[in-house]
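Data block below; observations after.
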Amino acid sequence: MISLTLPEHELDLEATLFSGQLFRWQRQDDGWLTGYVGTQRLCLRQTESTLELAETDEATVRHFLRLDELALGEQARRWSASDPLFASAWKRQPGLRLLRQDPHECFFSFLCASVAPIARISKMLQAVCEEASGEPLGPFPSLEALLTLRESQLRARGLGFRAERVVAAARKLAEKPDGWLDSLRGKPLAEIESELTPFPGIGRKIADCIALFSLDADAAVPVDTHIWRIAKTHYAPELRDASLTPANYERAASAFQRKFGPYAGWAQQTLFYQQAVK
DNA sequence: GGTAGACCTGCGCCG
DNA sequence: CCTGCCAGGTCTACT
């Protein structure tokens, strides 16, 4: 087993894993948390400023948690100094990081996420895994396995109108070259959005979730109903009586990006958490 | 460019 | 116990 010591407020593992970025991690006995990044199983536990790893190599964990890429504590101090709303959200819940997920799982996770609470998203994804691979809690099924799924089968498992989208999106993804989704990592956000939104069931919000949570687009701000409300009341008051049209989505996201800069997506996650999860 | 409806379902929630 | 509404949106048909 490996132990890492982290600076204070650099990571709150539990809050991070259950902040609605991903939906299939499990709480085990003794405080261990387990989940997959691609086919690799991770087993993590945090006690105060110590992070313990089991069954897992350190490099994989650092890459997944993005530990060496952003000194979150310092960044949060600067954001707190310039914004009272962020300051209060961070004070209540420091250490909320963004993770680097497997784009494949992230793609299908957020395809299932529209108008569903987190508990239901988890349940739907577990059903998808069980139907495609027989293992509800195993690694996320490959595209080949997902291609065997039928809409009727997924509807019977509670996916609702998302069932058709999952089947159609998998088919469309299969037409792309191998590794296409991974190759989007690091591309400009606008390019990622224009590549993803043609997929059935993927609009701008879900494209931004995939970009932010798995493709390193740190400035992406997925404007859901909660972030929209925060934008209207705090960062873009001129939108107070507006509705969430595509043009206003852009204005809201831009307001966050002006306020928080190239890592606006990270700030957004802390604000979102206070509003929607906790 | 913007508005209105439809679309599945729930260890759901409130009255 | 039951109706009605809401939940991390997207898409389509209209104005």
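Chain letters run A, B, ... following the sequence lines, proteins first and then strands; every chain starts at 1.
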Exercise for the section: Identify whether any heavy atom of A/Phe272 sits under 4.0 Å from a base atom; if not, whether one sits that close to sugar-phosphate; answer base, sugar-phosphate or nothing. Expected result: base
Practice task
Can you tell me, in whole Å, how much space there is between the P of C/dC6 and that of B/dA4?
Solution key: 15 Å
Practice task
Starting from C1' on C/dA7, measure out to CE on A/Met124 and report it in whole angstrom.
Solution key: 10 Å
Problem - Distance in angstrom units between A/Arg204 CZ and C/dT10 C1', rounded - result: 15 Å
Practice task
Take the protein atom CG of A/Leu196 and the nucleotide atom C1' of C/dT10, then report the distance between them rounded to whole Å.
Solution key: 15 Å
Exercise for the section: Determine which nucleotide pairs with B/dC14, using a 3.5 Å limit on both distances of a Watson-Crick or G-U wobble pair. Expected result: none
Handout entry: P-based separation of C/dG8 from B/dC13 [nearest Å]
Key = 11 Å
Practice task
Just jot down the ring-ring contact (aromatic ring centres under 6.0 Å, His included) partners of A/Phe64, sequence neighbours excluded, or say none.
Solution key: A/Trp25
Completion exercise
To the nearest angstrom, the CD1-C1' distance between A/Ile206 and C/dG8 comes to 9 Å
Practice task
Please list residues of residues 228-255 of chain A whose heavy atoms come under 4.0 Å from any atom in DNA chain B, ordered by number; otherwise none.
Solution key: A/Ser243, A/Thr245, A/Ala247
Handout entry: Partners meeting salt bridge (Lys or Arg N to Asp or Glu O under 4.0 Å) with A/Glu195 (sequence neighbours left out)
Key = none
Handout entry: Gap in Å between the two P atoms, one belonging to B/dG15 and one to C/dA7, rounded
Key = 15 Å
Exercise for the section: List the steps and the verdict of salt bridge (charged side-chain N to carboxylate O under 4.0 Å, His left out) for A/Asp224 and A/Lys205. Expected result: CA-CA 7 Å; A/Asp224 69 343; A/Lys205 189 270 175 180; 5.3 Å; no
Handout entry: Base-pairing mate for C/dT10 - Watson-Crick or G-U, with both contacts under 3.5 Å
Key = B/dA6
Exercise for the section: Mind calculating the distance between CZ (A/Phe161) and P (B/dC8) to the nearest angstrom? Expected result: 8 Å
Exercise for the section: Any pair with a residue in residues 180-189 of chain A that passes side-chain hydrogen bond (donor to acceptor under 3.5 Å, both in side chains), sequence neighbours left out, goes on the list, sorted by first then second residue, please. Expected result: none
Practice task
Answer yes when A/Glu238 and A/Arg251 have at least one side-chain N-carboxylate O distance shorter than 4.0 Å, and no when they do not.
Solution key: no
Exercise for the section: Quick one, give me the B/S/- string for nucleotides 9-15 of chain B, reading 5' to 3', where B means a protein heavy atom under 4.0 Å from the base and S means that only happens at the primed atoms, P, OP1 or OP2. Expected result: B-S----
Handout entry: A/Glu164: partners by side chain to side chain contact (heavy atoms under 4.5 Å, CB included), with sequence neighbours left out
Key = A/Glu151
Practice task
Sequence neighbours left out, what passes side-chain hydrogen bond (donor to acceptor under 3.5 Å, both in side chains) with A/Arg204? Give chain and number order.
Solution key: A/Glu193, A/Glu250
Exercise for the section: Pick the P atom in C/dG4 and in B/dA6, then give their distance to the nearest Å. Expected result: 15 Å
Problem - Partners meeting salt bridge (Lys or Arg N to Asp or Glu O under 4.0 Å) with A/Arg41 (sequence neighbours left out) - result: A/Glu55
Problem - Distance in angstrom units between A/Lys205 NZ and C/dG8 P, rounded - result: 9 Å
Problem - A/Glu131 with A/Arg150: basic N within carboxylate O range, under 4.0 Å - result: no
Practice task
In plain terms, say whether A/Asp30 and A/Arg45 are close enough for a salt bridge, that is, a side-chain N and a carboxylate O under 4.0 Å apart.
Solution key: no
Exercise for the section: For B/dG10 and C/dC11, measure between their C1' atoms and round to the nearest Å. Expected result: 24 Å
Listing time: all N or O pairs from protein to nucleotides 11-15 of chain C that are below 3.5 Å?
| residue | atom | partner | partner atom | Å |
| --- | --- | --- | --- | --- |
| C/dC11 | OP1 | A/Gly201 | N | 2.8 |

Practice task
Just jot down the salt bridge (Lys or Arg N to Asp or Glu O under 4.0 Å) partners of A/Asp218, sequence neighbours excluded, or say none.
Solution key: A/Arg66
Problem - Atom P, compared across B/dG5 and B/dT9: separation rounded to whole Å - result: 23 Å
Handout entry: Span that lies between the P atom of B/dC11 and that of B/dC7, in whole angstrom
Key = 22 Å
Exercise for the section: Specify the separation, in whole Å, of atom CD1 of A/Ile121 and atom P of C/dT10. Expected result: 12 Å
Problem - Pairs satisfying side-chain hydrogen bond (donor to acceptor under 3.5 Å, both in side chains), at least one member in residues 168-177 of chain A, at least two apart - result: none
Exercise for the section: Could you identify which residues cluster with A/Val115, counting Ile, Leu, Val, Met, Phe, Trp and Tyr as linked when any side-chain heavy atoms lie under 4.5 Å apart, either directly or through a chain of such contacts? Expected result: A/Phe161
Problem - A/Asp208 CG - C/dT10 C1' separation (whole Å) - result: 14 Å
